[in-house]
Number of protein chains: 2
Amino acid sequence: MAVEPSTSERLLTTAADLFRRKGYAQATTRELSDALGIRKASLYHHISTKEDLLYAISMHSLARIAEAAEAAAAQAPAEERLRAVIRAHVVSALGERDMQMVTAIELRALSPERRREVIAERDRYQALVRRLIAADQQAGRLRGDIDSKLLTLSLLNLLNWTIFWFDPDDELSPEQLGETLAAVFVEGATGRA
Amino acid sequence: MAVEPSTSERLLTTAADLFRRKGYAQATTRELSDALGIRKASLYHHISTKEDLLYAISMHSLARIAEAAEAAAAQAPAEERLRAVIRAHVVSALGERDMQMVTAIELRALSPERRREVIAERDRYQALVRRLIAADQQAGRLRGDIDSKLLTLSLLNLLNWTIFWFDPDDELSPEQLGETLAAVFVEGATGRA
DNA sequence: GTCTATATTGTGATAGAC
DNA sequence: GTCTATCACAATATAGAC
């Protein structure tokens with residue numbers, strides 16, 4: 001006998017799906033309550049404001065990737081660490097595309113204080129990746145002629161847009177895409193590494 | 001004696017600045033008219049709907065990059081063509097960051113028909129880049145073990161997010177950033193090309 | 001090409017019963 | 001935890017004078 005997920009359990013994923021499709025500001029609380037099968041007023045038993053949902057989605061998204069990356073980094077030997085983190089990042093991001101897309105796009109809709117919090121969380125992850133890259137540079141595994149900050153931003157560019165075009169119906173799995181993006185970043189489009 | 005730009009000439013850039021800061025849906029016609037120094041109703045002498053502005057911004061942004069890239073491709077010899085296009089893309093995108101950011105983020109706010117038009121324009125540019133990459137693969141200048149479509153999407157990931165973190169006050173110029181991103185894409189983070 | 005004034009609609013959120 | 005009913009306000013867009 002399947003246990004039906006409660007309203008509060010469905011709240012974040014349902015909101016993320018709606019926000020991704022319509023945009024946060026264009027999505028109405030009415031549409032959200034309809035999707036949940038409850039009345040609009042009943043939403044406010046679970047949240048205080050619509051913005052609570054965006055904030056929760058954003059913090060959850062960032063934590064999810066950071067945790068996956070940290071776990072991957074802890075397990076892998078130094079020589080494989082960056083590639084393992086790239087794969088973990090891609091796989092965890094693609095596993096929750098709605099939330100990740102909303103987080104990537106709707107930052108401006110948050111209040112200044114919450115926006116600051118989300119940015120701090122994002123920067124924390126960026127710093128983690130930068131440390132990995134700098135370590136690889138010092139070990140001679142990555143080129144030293146480009147600043148680690150710029151390499152980090154390049155890598156995150158590469159990884160963060162994939163959620164917008166990855167097609168789960170494609171033959172390419174998230175794991176394979178992660179592997180490919182790792183190859184593109186590390187070896188380049190030339191590929192003579 | 002400086003000629004003051006007319007309201008209609010300032011319309012797109014002013015709207016782009018506003019949409020970037022607040023988001024399209026959150027930005028009000030009132031804020032836009034205030035920024036232009038006219039009354040809200042006067043806007044409707046220039047446009048029919050607020051969406052007209054977003055559509056115009058999006059089409060302009062895509063055309064600007066495509067034109068810059070096409071010009072660069074036409075001028076450069078085959079061996080330098082891809083790098084030249086990357087530089088042209090980055091420089092032209094960073095030269096109009098407000099419009100490019102709005103275009104990248106607000107696609108969903110367009111009506112279905114206009115959204116389709118904008119996507120078609122974007123796909124047209126993507127096809128152009130893919131032809132360049134495929135040609136380099138066939139000439140042996142780029143690796144052949146990764147599909148040209150995936151290499152193209154990787155490259156556009158790399159280029160399209162830069163507008164969100166490029167800092168014009170940095171010591172790094174758009175030209176230098178373009179050069180660096182070209183190096184990262186072609187040679188990779190390892191850099192032994 | 002800009003103005004004042006207003007129509008019209010839809011929004012996020014609340015009060016209070018069950 | 002969900003409901004009915006409603007508030008208070010802000011939004012896009014229009015009418016018509018100057």
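Side chains included, hydrogens not; waters and symmetry mates left out as well; all remaining heavy atoms used. Below, read A as the first sequence line, B as the second, and so on, with proteins coming before strands; counting in each chain starts at 1.
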Between N or O atoms, less than 3.5 Å apart, protein on one side and nucleotides 12-14 of chain D on the other: list the pairs.
{"unit_1": "dT12(D)", "atom_1": "OP1", "unit_2": "Ala27(B)", "atom_2": "O", "d": "3.4"}
{"unit_1": "dT12(D)", "atom_1": "OP1", "unit_2": "Thr29(B)", "atom_2": "N", "d": "3.4"}
{"unit_1": "dT12(D)", "atom_1": "OP1", "unit_2": "Lys50(B)", "atom_2": "NZ", "d": "3.2"}
{"unit_1": "dT12(D)", "atom_1": "OP2", "unit_2": "Thr29(B)", "atom_2": "N", "d": "3.1"}
{"unit_1": "dT12(D)", "atom_1": "OP2", "unit_2": "Thr29(B)", "atom_2": "OG1", "d": "2.8"}
{"unit_1": "dA13(D)", "atom_1": "OP2", "unit_2": "Tyr44(B)", "atom_2": "OH", "d": "3.1"}
{"unit_1": "dA13(D)", "atom_1": "OP2", "unit_2": "Lys50(B)", "atom_2": "N", "d": "3.0"}
{"unit_1": "dA13(D)", "atom_1": "N6", "unit_2": "Lys40(B)", "atom_2": "NZ", "d": "2.9"}

State which residues pass side chain to side chain donor-acceptor pair (under 3.5 Å) with Glu117(B); sequence neighbours excluded, sorted by chain then number.
Tyr55(B)
With Asn160(A), the side-chain contact (heavy atoms from CB on, under 4.5 Å) member among Asn157(A), Thr162(A), Leu156(A)
Leu156(A)
Between [N] ([atom2]) and [X] ([atom1]): distance, integer Å:
X	N	atom1	atom2	result
Leu43(A)	dT11(C)	CG	P	13 Å
Arg39(B)	dC18(D)	CZ	P	17 Å
Glu9(A)	dG1(D)	CD	P	11 Å
Leu18(A)	dG12(C)	CG	P	10 Å
Leu36(B)	dC3(C)	CG	P	11 Å
Asp52(A)	dG12(C)	CG	P	13 Å
Glu31(B)	dA10(D)	CD	C1'	11 Å
Lys22(B)	dA10(D)	NZ	C1'	12 Å

Taking only the side-chain nitrogens and oxygens of His45(B), find out if one of them lies under 4.0 Å from OP1 or OP2 of dC3(C).
no
Can a side chain N or O of Thr7(A) be found less than 4.0 Å away from OP1 or OP2 on dT2(D)?
yes
Residue met sooner reading DNA chain D from 5', once Gln26(B) and Ser42(A) are mapped to nucleotides
Ser42(A)
Any donor-acceptor pair under 3.5 Å from Arg20(B) side chain to Met99(B) backbone
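Here the side-chain-to-backbone pair does not exist.
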Atom pair CH2/OG of Trp161(A) and Ser154(B) - distance to nearest 0.5 Å:
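Nearest 0.5 Å value for the CH2-OG distance: 14.5 Å.
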Using a strict 4.0 Å threshold on nitrogen-to-oxygen distance, state whether Glu175(B) and Arg87(B) make a salt bridge.
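Not counted as a salt bridge, because no side-chain N and carboxylate O are separated by less than 4.0 Å.
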Assess whether a salt bridge exists between Asp147(B) and Lys149(B), defined as any Lys/Arg side-chain N lying under 4.0 Å from an Asp/Glu carboxylate O.
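Looking at Asp147(B) and Lys149(B), the cut-off is not met.
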Does NZ or CZ of Lys50(B) come closer than 6.0 Å to the centre of the six-membered ring of Tyr44(B), within 45° of the ring's axis?
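That pair does not qualify as a cation-pi contact.
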